[in-house]
Number of protein chains: 2
Amino acid sequence: MAKIRTEKNVSKKEVITKTAAALFKTKGYSSTSMRELAEAIGVEAPSLYNHIGSKSELLQAICFKMGNEFTAQTAKIKSSSGTASDKLRAIIRFHIEMMMHNFNELYVANHEWKHLDEPYLTDFLTIRRNYEKSLVSLIEQGIEKNELQAINPYVAVLTILSAVRGLEFWQRNKKNIPPQVLEEDMINHLLHGIVK
Amino acid sequence: MAKIRTEKNVSKKEVITKTAAALFKTKGYSSTSMRELAEAIGVEAPSLYNHIGSKSELLQAICFKMGNEFTAQTAKIKSSSGTASDKLRAIIRFHIEMMMHNFNELYVANHEWKHLDEPYLTDFLTIRRNYEKSLVSLIEQGIEKNELQAINPYVAVLTILSAVRGLEFWQRNKKNIPPQVLEEDMINHLLHGIVK
């Protein structure tokens with residue numbers, strides 16, 4: 001029976017999770033079977049179960065990995081020194097880079113979370129709500145310090161999160177734009193606008 | 001047999017299309033039957049067919065109505081007098097108001113278009129591509145006239161269209177934000193940024 005091939009420094013569980021994310025994204029969580037996942041990895045289904053308990057466990061792993069990474073990274077950025085603008089710049093950059101480099105997992109966390117079982121569903125929505133709140137509070141602080149425009153902070157968070165999420169369409173169409181240009185131009189647009 | 005009830009100035013076909021859009025949005029196009037549509041309108045299925053040929057005809061009606069409205073409105077705005085900033089402001093406002101007042105139809109055009117049959121699928125994608133191109137050219141003109149920042153115009157269009165499309169999440173959560181505030185703050189954010 002074939003062994004799960006891993007590159008150096010990539011655990012078997014990570015290979016399984018990344019392959020699952022690619023399948024869940026393309027076919028949807030509900031339509032993906034563990035047999036297909038095993039085939040995509042190149043092993044027999046039983047050997048998958050040495051590493052992972054069930055399909056729903058994989059969805060949990062993906063959603064919470066994403067939720068926790070965003071929460072941790074944003075907390076780190078918020079506690080650093082710098083203006084609200086510096087911090088927003090770093091947070092938007094993190095979102096864009098995650099869309100570029102962890103696209104499958106982020107797509108699954110954004111679209112397939114509704115298939116999580118309880119109590120994971122409620123936990124995941126709480127993480128998401130708290131994440132939004134932490135961005136809202138960052139913008140509120142920036143407004144108080146007179147660093148940001150007096151804008152409704154929830155609307156600003158909605159605009160920023162929706163814009164970076166729109167990179168899904170870029171990922172799909174793969175326009176001929178260097179990633180660096182995309183990143184800098186979107187960050188500058190969201191912070192400083194486009195009107196001279 | 002019950003007749004299709006219509007308000008003044010709303011054609012029967014429009015009642016059917018709007019009800020279909022609500023069902024396609026909630027259940028998905030594939031999972032909605034003509035029988036359910038008839039029930040939702042409050043008529044027997046056969047009387048529906050006096051007004052509409054098939055389910056796919058309804059999806060076509062919705063997608064092309066949206067595609068054509070955006071194309072026509074944007075062409076009108078582009079040919080008006082004013083700066084690139086004025087025109088972008090009017091176009092973003094139109095997008096936000098369509099998300100607020102024609103949410104079901106716009107949602108279906110954004111998400112369910114992939115179920116269009118040929119040649120409608122290709123035609124719809126062409127309308128969408130041309131719409132994006134017309135926004136890109138508006139931004140290019142604004143940059144040439146030194147009214148807009150020297151930004152990659154495709155990235156700017158992606159940012160704007162993604163942000164307004166994100167109002168889907170607002171529609172779902174119905175946060176306690178007056179629509180007027182949402183509209184003005186999002187427009188100002190996308191044109192002038194949020195950093196002072």
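Owing to the predicted nature of the structure, the values given are computational and were not obtained by experimental measurement. Here is the naming used below: chain letters follow the sequence lines, and residue numbers restart at 1 for every chain. Values below: all heavy atoms of this structure, side chains included; hydrogens, waters and symmetry mates excluded.
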Worksheet entry | Verdict with supporting geometry, A/Thr159 and B/Leu190, side-chain contact (heavy atoms from CB on, under 4.5 Å) | CA-CA 8 Å; A/Thr159 302; B/Leu190 290 171; 3.8 Å; yes
Worksheet item: What do the steps show when you test B/Val195 against A/Leu148 for side-chain contact (heavy atoms from CB on, under 4.5 Å), and what is the final call?
Response: CA-CA 5 Å; B/Val195 175; A/Leu148 302 181; 4.0 Å; yes
Discussion item. Does any backbone or side-chain atom of A/Asn146 lie under 4.5 Å from a heavy atom of chain B? Answer side chain, backbone, both or neither.
Written reply: both
Worksheet entry | Heavy-atom closest pair, residues B/Leu158 and A/Leu167 | CD2-CD2, 3.8 Å
Worksheet item: Counting only heavy atoms not in A/Tyr120, do more than 12 sit closer than 6.0 Å to its OH atom?
Response: no
Item to complete: Indicate yes or no: at least one non-hydrogen side-chain atom of B/Asn152 is less than 4.5 angstrom from one of A/Ile177.
Response: yes
Worksheet item: How far apart are the closest heavy atoms of A/Lys196 and B/Gln149, and which atoms are they?
Response: CG-N, 3.8 Å
Practice prompt. List the steps and the verdict of side-chain contact (heavy atoms from CB on, under 4.5 Å) for A/Leu88 and B/Ile194.
Written response: CA-CA 10 Å; A/Leu88 281 173; B/Ile194 54 171; 3.7 Å; yes
Worksheet item: For A/His189 and B/Ile151, which heavy atoms make the closest approach, and how far apart are they?
Response: CB-CD1, 3.9 Å
Item to complete: Kindly indicate whether the side chain of A/Phe169, heavy atoms from C-beta on, has any atom under 4.5 Å from the side chain of B/Glu132.
Response: no
Practice prompt. Mind listing the closest non-hydrogen atom pair of B/Gly166 and A/Ser162 along with its distance?
Written response: CA-OG, 3.1 Å
